[in-house]
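Every heavy atom of this structure was used, including side-chain atoms; hydrogens, water molecules and symmetry mates were not. In what follows, every chain begins at residue 1, and chains take the letters A, B, ... in the order their sequences are listed.
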Amino acid sequence: MKTLAVTKFVFAGLVVVFLLGPLIAVLPLSFTDSVFLNYPIPGYSTRWFRELIQAESWRLSIVNSLIIGSGTTALATLLGTLAGLGLRGTRSSPLFAAMRTLFLLPMVVPAVVLGVGMQLMFARYELINTYLGVIVAHTVVAVPFVLVNVSSALQGVDARLEHAAASLGASPRTVLLSVTLPIALPGIISGALFAFATSLDEVVLTLFVAGPNQRTLARQMFASIRENISPAIVAAAAVFIVGTIVLALCVQAIRHRLSWR
Amino acid sequence: MRRPYVVQRLRSLLLLAPLLAFMLLFFVVPLVTMMTSAVSDPVATNALPRTARALAHWDRAALPVAPQEAAFVADIRALTNDEQFGDLVRRLNSAQSGFRSLLGKTRRALAASGSDVELAAIDPRWSEISYWATVADAVASSWTDKNLLAAVDLERNAAGDVAAMPEGASANRLILVRTFVTAAIVTIACIAIGLPFAMVAASVQGWRRQLLLGAVLLPLWTSLLVRTAAWYIVLQDNGLINATLKSLGIISGPIPLMFNRLGVVIAMTHVLLPFMVLPIFSVLIAIPRNLMPAAASLGAHPLSAFLHVLLPLSMRGVVSGSLLVFMAALGYYITPALIGGANDQMISSVIAYYATAAANWSMAGALGLVLLAMTMLLYAVYIRLASDEAQPA
């Protein structure tokens, strides 16, 4: 039994190293002062983080990612929350079930397939190479995450609270704004964070519908891995990882609050 | 009871309307556009409308008669848009080579001359039936199965029957097989690592479980590009693995880990492993904890208890995890594009190549249709399994 337990933990440890190792191993390289991505690091500096802010291509891509990410978050959260409210309590109806499946489908359809279709269609309606076009494309793939989060948050809203408010004379509008939405708020916020994260990481659709002026951070990273990899990409990755951990902690905190209620 | 129900449903529909409209417009329409581009072939019919009508009943046994030729001349003269003319040249030249020079010459001659011209006098090729037959084929229909057939290396031969393309003419079938094989290897690797890992995670408690699950969730949360960049740096010739092995004296020169299948499989397994671990884990923690002790108390050897109790019970998680991983792996683009070499490109890369580099949207659409159909089929199976789980028999 002893050897089994040891094998078990050695195996689990190796898998943890496989999962986390590459991410942790490359991070120190973002502080290198050389142009090569090799160990041992000859000297430490923050030149690559400065490069991110100062180089035109990186700075522009960060600004673009923030613009497109905010636009996507706003649009996806609005559409997803309305739809989440609309789908509430409709599980039994085949019509609503079909709509729900349709709304979740962008998670499954290969991005390249959707990208080709969007490129063709957006070119026809002059949406190609525009910020609006990229925001719309990102929203299509971000909405499912908002919908899933909002739906599960709404499931946690006790209908008796709403009935109680209504029986005390609250109008449907007041019930929605003062009872339902505040209780579902953590789900909406975590959906919004998911939408932002999705937009930040989106590459394939961006490749198809964005022009050089809408180059996002993810797109810029893709290009620089492909063309000339430099420690700037690890610096960008470090920003991404730290940002991700912050976002993940936010979602966990919100989830925690949600389940605690 | 009836009225509030109707009111509630109307309210639901009203709330759903914005997203429904948005998704129809920007999700369904693009997919339909892509599928239409795969099967439509409107270039020739749009450019040569008079010819289309005139040649509709041509028997192809003899050369077209004067009015038919006049219709073609009128169409070419009416084609003042250079872009449209270029499209027509490409369309006809792809069906029969020689049209590029033939049409260019004909157009110049028609522009220079007056009303009455003999096409055969401009170029003797116009007295060959084969060139006219190509024009007649092109204008006959604005729909085609050419691209769909080409997506699986088939074509229509001279008699119009479906036949295999000549050896070496197209690599699409090879790439489809490669896509399937790579996705299958990644799925098997995910099972081999994910199943035991999920079992270990389910068997421990407290911080150990938190750590194991966190190790799965953190990569899931990390940008795909960051993870791919990390593997790029770790796997390169002077990267972390090669440098370590070299300094330990195990190897003298770098072993190629990147721009080959091995690198693609490693990086894709890393990306997709969480999709295998999480479904298996959720199935495992639902198994009553006293099941294994019960088997042991009834005299089962631990190995036999494992084989006959735990393994069959975890199979449901393995199946849904495998479907998820395989489905995602089929359509993968970024990782093979960055980590793989020229011989590791999967169907998505070929679609992207046709759409962006070659500007051949019909072929991109046809291959996209093939990939979409495969993915939807797998998704339908997955949904079916998931709903079976929701309502146990």
Check each atom of B/A243 against the heavy atoms of chain A and say whether the ones under 4.5 Å are side chain, backbone, both or neither. neither
Shortest non-hydrogen contact from A/A218 to B/L225? O-CD1, 2.9 Å
Side chain, backbone, both or neither: which part of B/L218 has a non-hydrogen atom closer than 4.5 Å to chain A? side chain
In terms of heavy-atom contacts, does OH of B/Y353 have more than 12 from other residues, nucleotides or ligands at under 6.0 Å? no
Portion of A/L29 that has a non-hydrogen atom of chain B nearer than 4.5 angstrom: side chain
What's the shortest heavy-atom distance between B/P219 and A/L23, and which atoms? CA-CD1, 4.4 Å
Which value, rounded to the nearest 0.5 Å, describes the distance between B/I339 atom CD1 and A/I225 atom CD1? 7.5 Å
Evaluate side-chain contact (heavy atoms from CB on, under 4.5 Å) for B/V226 paired with A/I233, printing each intermediate quantity in order. CA-CA 9 Å; B/V226 170; A/I233 190 147; over 6 Å; no
Less than 4.5 Å to any heavy atom of chain B: does that hold for the side chain of A/V141, its backbone, both, or neither? neither
Who among A/A237, A/A238, A/A111 has the most heavy-atom pairs with chain B under 4.5 Å? A/A237
Using 0.5 Å steps for rounding, measure from the CG atom of A/L87 to the CG atom of B/L16. 4.5 Å
Which one of A/V15, A/T139, A/L85 has the most heavy-atom pairs closer than 4.5 Å to chain B? A/V15
Option that, when pairs with chain B are counted at under 4.5 Å, heavy atom only, ranks first among A/V143, A/L105, A/L127: A/L105
If one checks every heavy atom of A/L75 against chain B at 4.5 Å, the contacting part turns out to be side chain
CD on A/Q119 to OG1 on B/T33, rounded to 0.5 Å: 12.0 Å
Return the minimal non-hydrogen interatomic distance between B/G368 and A/V113, and the atom names on each side. O-CG2, 3.7 Å
Min side-chain heavy-atom separation A/R88-B/L15 under 4.5 Å: no
At a heavy-atom distance under 4.5 Å, which candidate from B/L240, B/N238, B/L25, B/V234 has the highest pair count against chain A? B/N238
Chain A contact via B/L338 - which portion, at a heavy-atom distance below 4.5 Å: side chain
side-chain contact (heavy atoms from CB on, under 4.5 Å) between B/M23 and A/L79, intermediate numbers included: CA-CA 10 Å; B/M23 289 302 245; A/L79 292 172; over 6 Å; no
For the candidates A/F96, A/F208, A/F240, which exhibits the highest count of non-hydrogen atom pairs separated by less than 4.5 Å from chain B? A/F96
Can you tell me which portion of A/L78 sits under 4.5 Å from chain B's heavy atoms? Options are side chain, backbone, both or neither. neither
For A/F11 and B/A192 the tightest heavy-atom approach is CZ-O, 4.4 Å
When the 4.5 angstrom heavy-atom criterion is applied to B/F27 and chain A, the contacting part is both
Would you check, one step at a time, whether the test side-chain contact (heavy atoms from CB on, under 4.5 Å) holds for A/L102 with B/V28? CA-CA 9 Å; A/L102 171 69; B/V28 177; 3.9 Å; yes
Part of A/L200 lying under 4.5 Å from any heavy atom of chain B: neither
Evaluate the ring pair (Phe, Tyr, Trp, His ring centres under 6.0 Å) criterion for residues B/W231 and A/F18: first the C-alpha distance (whole Å), next the side-chain angles of each, then the deciding distance (0.1 Å), finally the verdict. CA-CA 11 Å; B/W231 279 113; A/F18 171 68; 5.6 Å; yes
For chain A, which of B/T269, B/L273, B/L211 has the most heavy-atom pairs under 4.5 Å? B/L273
Hey, which of A/L147, A/V140, A/V204 has the most heavy atom pairs under 4.5 Å with chain B? A/V140
Comparing A/P106, A/G84, A/A137 against chain B, the one with the most heavy-atom pairs below 4.5 Å turns out to be A/P106
For B/S37, is it the side chain, the backbone, both or neither that has a heavy atom under 4.5 Å from a heavy atom of chain A? side chain
To check you understand the geometry: which heavy-atom pair defines the closest contact between B/A352 and A/V112, and what is its length? N-CG1, 4.1 Å
Atom pair CG/CG of A/L114 and B/L31 - distance to nearest 0.5 Å: 5.5 Å
Which value, rounded to the nearest 0.5 Å, describes the distance between A/L95 atom CG and B/R9 atom CZ? 8.5 Å
Let's go through B/T222 and A/I241 carefully: what are the C-alpha distance in whole Å and the side-chain angles of both, what is the deciding distance for side-chain contact (heavy atoms from CB on, under 4.5 Å) to 0.1 Å, and is it a yes or a no? CA-CA 6 Å; B/T222 314; A/I241 290 178; 3.9 Å; yes
Distance from B/R11 atom CZ to A/L176 atom CG, nearest 0.5 Å? 6.5 Å
Side chain, backbone, both or neither: which part of A/F194 has a heavy atom under 4.5 Å from chain B? side chain
Counting heavy atoms not belonging to B/Q205, are there more than 12 under 6.0 Å from its CD? yes
Which bit of B/A337 is near chain A, if near means a heavy-atom gap under 4.5 Å: side chain, backbone, both or neither? both
Determine the option with the most heavy-atom pairs under 4.5 angstrom with chain A, choosing from B/Y382, B/F26, B/Y332. B/F26
Return the minimal non-hydrogen interatomic distance between B/A230 and A/P22, and the atom names on each side. CB-O, 3.7 Å
Under 4.5 Å from a heavy atom of chain B, the part of A/V108 involved: both
Which answer fits B/I383, side chain, backbone, both or neither, if we ask what part of it has an atom under 4.5 Å from a heavy atom of chain A? neither
Atom group of A/M118 that falls short of 4.5 Å from chain B, counting heavy atoms: both
Tell me, for B/S203 versus chain A, whether the close heavy atoms (under 4.5 Å) come from the side chain, the backbone, both or neither. side chain
Side chain, backbone, both or neither: which part of A/V26 has a heavy atom under 4.5 Å from chain B? side chain
Would you please go through residues 193-200 of chain B and name the residues with a non-hydrogen atom below 4.5 Å from one of chain A, in numerical order? B/I193, B/P196, B/F197, B/V200
